[in-house]
Amino acid sequence: MTNIANILTMSRIAAIPLIAALLFFDQPLPRWIAFALFAIACITDFFDGYIARRMAQVSALGRFLDPIADKLVVAAILMVMTAHGQIRGWVVLPALIILCREILVSGLREYLAELKVRLPVSILAKWKTTMQMVAMGFLIVGDAV
């Protein structure tokens with residue numbers, strides 16, 4: 001629990017309420033602060049895995065929490081933006097598809113883990129996550145630009 005990689009993952013989870021709260025403000029400054037915190041969370045997502053592998057700190061807790069942290073960040077942002085009316089109308093549909101996909105992938109990984117089947121993360125999945133995080137950053141900043 002106290003290795004650097006797990007601390008980075010936990011910090012990402014801890015940042016979610018602050019990012020979500022800042023999204024309720026319509027002024028540019030809170031949006032940019034939310035974006036900065038989100039960007040830091042995205043950077044820690046890269047470094048927690050890198051550090052865990054590089055420093056031999058891979059743990060069962062880290063393998064469990066890291067994907068959950070990613071999904072919590074995405075889900076929280078999409079839900080707050082929908083609740084605040086920034087995502088509305090037909091645009092809610094892609095947000096719903098993203099949330100459903102995240103939940104289905106998590107469920108599939110959990111099911112396969114019980115069967116002792118490993119489902120490693122592909123390079124395509126890493127690119128998907130990168131593109132999704134970039135898109136989420138644009139959503140956060142929105143009209144604050």
Side-chain angles (χ1 to χ4, degrees), residues 1-25 28-88 91-142 144-145:
M1 177 68 174
T2 59
N3 68 44
I4 296 169
N6 287 346
I7 291 169
L8 288 174
T9 301
M10 295 301 289
S11 71
R12 198 159 71 246
I13 294 170
I16 293 170
L18 184 55
I19 294 169
L22 288 165
L23 291 175
F24 279 102
F25 293 94
L29 182 60
R31 286 304 176 126
W32 283 107
I33 294 170
F35 173 76
L37 290 172
F38 174 73
I40 291 167
C42 291
I43 291 166
T44 64
D45 183 28
F46 169 78
F47 280 111
D48 66 1
Y50 178 79
I51 289 170
R53 288 184 297 276
R54 194 83 159 135
M55 299 177 78
Q57 294 183 347
V58 175
S59 68
L61 180 66
R63 279 193 305 272
F64 173 74
L65 281 182
D66 183 60
I68 288 176
D70 297 342
K71 286 155 184 45
L72 286 174
V73 169
V74 170
I77 290 171
L78 290 175
M79 289 191 315
V80 168
M81 293 184 116
T82 302
H84 194 248
Q86 295 160 290
I87 297 176
R88 60 185 177 280
V91 181
V92 172
L93 192 56
L96 182 62
I97 291 169
I98 290 168
L99 285 175
C100 288
R101 184 226 171 256
E102 298 293 339
I103 292 167
L104 284 171
V105 168
S106 293
L108 177 63
R109 286 186 183 281
E110 205 54 40
Y111 173 73
L112 291 175
E114 287 180 19
L115 298 176
K116 306 286 190 252
V117 175
R118 295 213 52 207
L119 185 62
V121 178
S122 69
I123 193 72
L124 181 63
K126 289 182 183 282
W127 277 104
K128 185 273 316 171
T129 299
T130 301
M131 296 307 298
Q132 183 172 295
M133 295 306 177
V134 168
M136 298 292 288
F138 279 110
L139 275 176
I140 290 170
V141 175
V145 180

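Being a predicted model, the structure only gives us computed values, none of them experimental.
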Peer 1: Can you tell me how far CG of L104 sits from CD1 of I97, rounded to the nearest 0.5 angstrom?
Peer 2: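 Going from the CD1 atom of I97 to the CG atom of L104 covers 11.5 Å.
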Peer 1: Show every salt bridge (charged side-chain N to carboxylate O under 4.0 Å, His left out) that has at least one partner inside residues 99-112, sequence neighbours left out.
Peer 2: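 Qualifying pairs, neighbours excluded: K71-E102, E102-K128.
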Peer 1: Which pair of non-hydrogen atoms, one from L23 and one from M81, has the smallest distance, and what is that distance?
Peer 2: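 That would be CD1-CG, 4.3 Å.
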Peer 1: May I have the list of side-chain donor-acceptor pairs in residues 34-54 shorter than 3.5 Å, sequence neighbours left out?
Peer 2:
unit_1 : atom_1 : unit_2 : atom_2 : d
T44    : OG1    : A41    : O      : 2.7
D45    : OD1    : R12    : NH2    : 3.4
D48    : OD2    : T9     : OG1    : 2.6
D48    : OD2    : R12    : NH1    : 2.9
Y50    : OH     : R54    : NE     : 3.3
R53    : NH1    : G49    : O      : 3.3

Peer 1: Minimum heavy-atom separation for I13 to A69, with atom names?
Peer 2: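 Looking at all heavy atoms of both residues, the shortest contact is CG1-CB, 3.6 Å.
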Peer 1: With sequence neighbours excluded, give me every ring-ring contact (aromatic ring centres under 6.0 Å, His included) pair touching residues 51-86.
Peer 2: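 Listed once each, the pairs are F24-H84.
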Peer 1: If a pair satisfies salt bridge (charged side-chain N to carboxylate O under 4.0 Å, His left out) and one of its residues is in residues 72-81, list it, with sequence neighbours excluded.
Peer 2: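 Qualifying pairs: none.
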Peer 1: Say you draw a straight line from CG of L124 to NZ of K126; how long is it, rounded to the nearest 0.5 Å?
Peer 2: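 Answer for the CG-NZ pair, L124 versus K126, is 12.0 Å.
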Peer 1: Going by the rule side chain to side chain contact (heavy atoms under 4.5 Å, CB included), which residues pair with P30 if we only count those two or more places apart in sequence or in a different chain?
Peer 2: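 Checked P30 against side chain to side chain contact (heavy atoms under 4.5 Å, CB included); matches are L22, F25, Q27.
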Peer 1: Applying side chain to side chain contact (heavy atoms under 4.5 Å, CB included), name anything that partners L115, two or more places apart in sequence or on another chain.
Peer 2: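 Result, side chain to side chain contact (heavy atoms under 4.5 Å, CB included) vs L115: Y111, L112, V117.
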Peer 1: Could you pull out all residues at least two apart from L78 that satisfy side chain to side chain contact (heavy atoms under 4.5 Å, CB included)?
Peer 2: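 So L78 forms a side chain to side chain contact (heavy atoms under 4.5 Å, CB included) with V74, I87, A95, I98, L99, M136, L139.
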Peer 1: Can you give me the closest heavy-atom contact between L65 and M10, atom names plus distance?
Peer 2: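 Of all heavy-atom pairs spanning L65 and M10, the closest is CD1-SD, 3.3 Å.
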Peer 1: What pairs of residues pass the salt bridge (charged side-chain N to carboxylate O under 4.0 Å, His left out) test when at least one of them lies in residues 74-87, not counting sequence neighbours?
Peer 2: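 Listed once each, the pairs would be none.
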Peer 1: Would you please name every residue forming a side chain to side chain contact (heavy atoms under 4.5 Å, CB included) with A125, sequence neighbours left out?
Peer 2: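 Result, side chain to side chain contact (heavy atoms under 4.5 Å, CB included) vs A125: V121, S122.
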Peer 1: Can a side-chain donor-acceptor contact be found between N6 and S59 if the only test is distance below 3.5 angstrom?
Peer 2: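 Present: a donor and an acceptor within the cut-off.
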Peer 1: Rounded to the nearest 0.5 Å, how far does CG of L93 lie from SG of C100?
Peer 2: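 Output value for this atom pair is 9.5 Å.
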